[in-house]
Number of protein chains: 2
Amino acid sequence: MAQSDPLYQRIASDLRDQIRTGAIKAGDRLPTEVELREQYDVSRNTVRLALGVLQNEGMISSTQGKGTVVREQVMLTYHAAWAESRDRHASDQTDAFYAEMRDQGRKGEYRDFEMRIKPATPELAARLHVDEGDSLVSRAISRFVDGQPFSLQDSYYPMDISQECGLLTPHDVPGGVIRALAAKGHTEIGYVDELTTRMPRPDEARKLGLSQGTPVLVYVRTTYSDKRPLRLTLTIFAGDRNRVVYELGDLTAYAENGGAS
Amino acid sequence: MAQSDPLYQRIASDLRDQIRTGAIKAGDRLPTEVELREQYDVSRNTVRLALGVLQNEGMISSTQGKGTVVREQVMLTYHAAWAESRDRHASDQTDAFYAEMRDQGRKGEYRDFEMRIKPATPELAARLHVDEGDSLVSRAISRFVDGQPFSLQDSYYPMDISQECGLLTPHDVPGGVIRALAAKGHTEIGYVDELTTRMPRPDEARKLGLSQGTPVLVYVRTTYSDKRPLRLTLTIFAGDRNRVVYELGDLTAYAENGGAS
DNA sequence: TGGCACCATTTGTTGGGACAACTTCGAGAG
DNA sequence: CTCTCGAAGTTGTCCCAACAAATGGTGCCA
């Protein structure tokens with residue numbers, strides 16, 4: 001904002017303000033680079049620097065040949081807490097996701113299921129309590145909502161459990177993995193969720209269709225039986241379209257008293 | 001990676017691989033722009049585009065006059081679940097943060113405490129169950145660890161509760177806000193946490209000392225009594241230095257059987 | 001009417017050059 | 001020996017120019 005800021009920063013601030021105040025609304029096209037060049041009397045290079053700033057902030061998105069538009073966001077909610085999903089877990093992971101989406105009036109689907117055997121990285125090994133380099137079974141899927149990619153999920157299981165419970169199949173486990181594990185005595189009694197954020201790697205950006213300036217929400221759930229870690233699920237959420245929610249404590253009392261919207 | 005990729009993308013991929021494989025380690029300096037220019041036989045403009053890509057991925061960080069280095073990350077953990085922090089809540093928000101940091105061998109501190117009265121935005125209004133534009137009391141702080149900024153926290157309270165419980169003071173509430181609320185019958189019985197991610201706004205990037213390509217983790221906790229929402233806490237975490245963790249379910253049985261590291 | 005070729009528009013890529021601003025470090029002054 | 005100043009090195013800002021690539025529409029032709 002200061003007078004001494006670089007030119008391209010001032011132009012970026014100016015456009016940012018116009019978007020924030022609603023002078024340019026979500027979905028609207030921005031002036032073309034040539035128009036901005038004339039408007040601010042700078043080189044096209046400088047205009048592109050300014051647009052790059054806003055692009056990295058996730059505010060705008062440009063397409064070759066079409067132009068530059070203000071991005072609009074639709075947030076989907078992922079309920080992560082135990083109480084919420086306990087009854088759904090009775091059936092299947094797949095069903096849980098479908099149910100969530102149906103509740104929000106969307107159409108969820110899966111694509112690109114893949115079963116692979118991978119060596120444990122140091123991080124995976126530490127969390128699953130196996131040795132580094134040990135074989136793990138990876139069962140990965142991509143989640144789509146209304147035809148748009150929303151998250152990439154990769155679940156890792158120790159090899160001995162996988163063999164015991166029939167997870168080495170290149171397709172869905174009938175009845176769901178959780179049920180298959182429980183049938184052999186591996187009952188989940190709790191989990192640890194870790195949430196971080198970072199910028200996507202190129203392949204993640206491609207698979208999730210992320211435009212420049214969109215971070216991902218990294219969500220790692222390690223579930224335990226009373227004896228050992230059973231499973232590690234790594235989910236990469238497209239940061240501009242997802243929200244993870246935990247509802248904890250005894251909120252039933254509040255709900256009974258006529259809670260808010 | 002494809003042969004037909006733009007030059008700057010190929011250079012970025014090349015450098016990314018060198019970093020990933022450890023040919024250039026965290027903390028190391030990259031070749032200077034002029035050296036890269038000669039090495040790849042491109043214009044300095046193109047080199048800067050390539051470095052910009054990696055910068056936006058949060059992999060490198062450059063300083064005028066010094067050079068460009070590979071970033072290294074230290075993660076701090078924030079335990080968010082009820083069970084973990086219940087006993088600490090008995091005292092104070094401040095103490096809870098100190099305790100977390102002490103557990104991880106760090107020195108936590110607060111700066112820039114600020115009490116203000118703000119009108120409720122649509123989002124705040126919906127969550128706190130008040131009307132849009134109603135006055136809310138905002139109590140904000142910045143959290144530092146080892147002298148480095150880690151998160152910005154802003155707690156909002158409905159005006160009537162604030163007056164009743166003496167939150168309109170421009171300094172810490174003795175014994176902690178939670179205790180002050182409970183003393184007047186506003187006992188917290190549960191909460192809803194919402195986690196999202198996005199790129200920081202310019203002022204957030206400045207306050208948190210974020211370098212280019214670092215997203216923030218947005219953490220909203222709404223706490224409830226049995227009758228109404230009591231408080232909304234909005235925390236902006238520096239994405240490259242923070243991890244939010246939830247431990248849920250009955251993991252005591254696992255711990256007793258000699259859990260992992 | 002349907003489809004194809006072409007053109008204008010717009011963003012993407014790449015090269016060139018110049019100067020500004022900041023850091024480091026060594027030489028020289030005190 | 002210490003302090004200061006300035007030169008060298010490095011990234012930041014800004015301009016200019018040209019062509020590539022994608023999009024959308026126009027109009028011709030079958």
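By convention in this document, chain letters (A, B, ...) are assigned in the order of the sequence lines, proteins followed by strands, and residues within each chain are numbered from 1.
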**Request:** Measure from CD1 on I60(B) to C1' on dT10(D) and round the result to the nearest Å.
**Result:** 14 Å
**Request:** In whole angstrom, give the distance that lies between atom CG of L36(B) and atom P of dT14(C).
**Result:** 15 Å
**Message:** From the set dT10(D), dG12(C), dA21(C), return the single nucleotide nearest to any side-chain atom of Q64(A).
**Reply:** dG12(C)
**Complete:** Atom CG of L30(A) and atom P of dT11(C) are separated, to the nearest Å, by 9 Å
**Message:** If we ignore hydrogens and angles and just use 3.5 Å, is the side chain of R243(B) paired with the main-chain N or O of T197(A) as donor and acceptor?
**Reply:** no
**Request:** Ignoring backbone atoms, test whether T68(A) places a side-chain nitrogen or oxygen under 4.0 Å from the OP1 or OP2 oxygen of dT11(C).
**Result:** yes
**Request:** Would you indicate, yes or no, if dT14(C) has its OP1 or OP2 atom less than 4.0 angstrom from a side-chain nitrogen or oxygen of R37(B)?
**Result:** no
**Item:** Y8(A) side-chain N/O to dT13(D) phosphate OP1/OP2 under 4.0 Å
**Value:** yes
**Complete:** Nearest heavy-atom approach of P200(A) to T214(A) is CD-O, 3.2 Å
**Prompt:** Between atom CZ in R29(B) and atom P in dT10(D), what is the gap in whole Å?
**Reply:** 6 Å
**Item:** Value in whole Å for how far the C1' atom of dG12(D) lies from CG of L7(A)
**Value:** 13 Å
**Fill in**
Separation of dG16(C) atom P from E33(B) atom CD, nearest Å, is 15 Å
**Asked** In residues 40-57 of chain A, which residues come under 4.0 Å of DNA chain D by heavy atom?
**Response** V42(A), S43(A), R44(A), N45(A), T46(A)
**Message:** Under 4.0 Å between a side-chain nitrogen and a carboxylate oxygen: does that hold for D203(A) and R206(A)?
**Reply:** no
**Request:** Using a cut-off of strictly less than 4.0 Å, decide whether S62(B) has a side-chain nitrogen or oxygen near OP1 or OP2 of dG12(D).
**Result:** yes
**Asked** What's the shortest heavy-atom distance between P149(B) and F144(B), and which atoms?
**Response** N-CD2, 3.4 Å
**Message:** When you measure from the side chain of Q9(B) to the backbone of P6(B), do you find a donor-acceptor pair of N or O atoms at a distance under 3.5 Å?
**Reply:** no
**Prompt:** Under a 4.0 Å N-O cut-off, is there an ion pair linking E57(A) with R198(B)?
**Reply:** no
**Item:** Geometric cation-pi criterion R143(B) and F150(B), 6.0 Å radius, 45° cone
**Value:** no
**Request:** Take atom NZ of K66(B) and atom P of dG12(D), then tell me their distance rounded to the nearest Å.
**Result:** 13 Å
**Fill in**
Comparing T63(A) with E35(B), nearest DNA chain D nucleotide closer to 5' gives the residue E35(B)
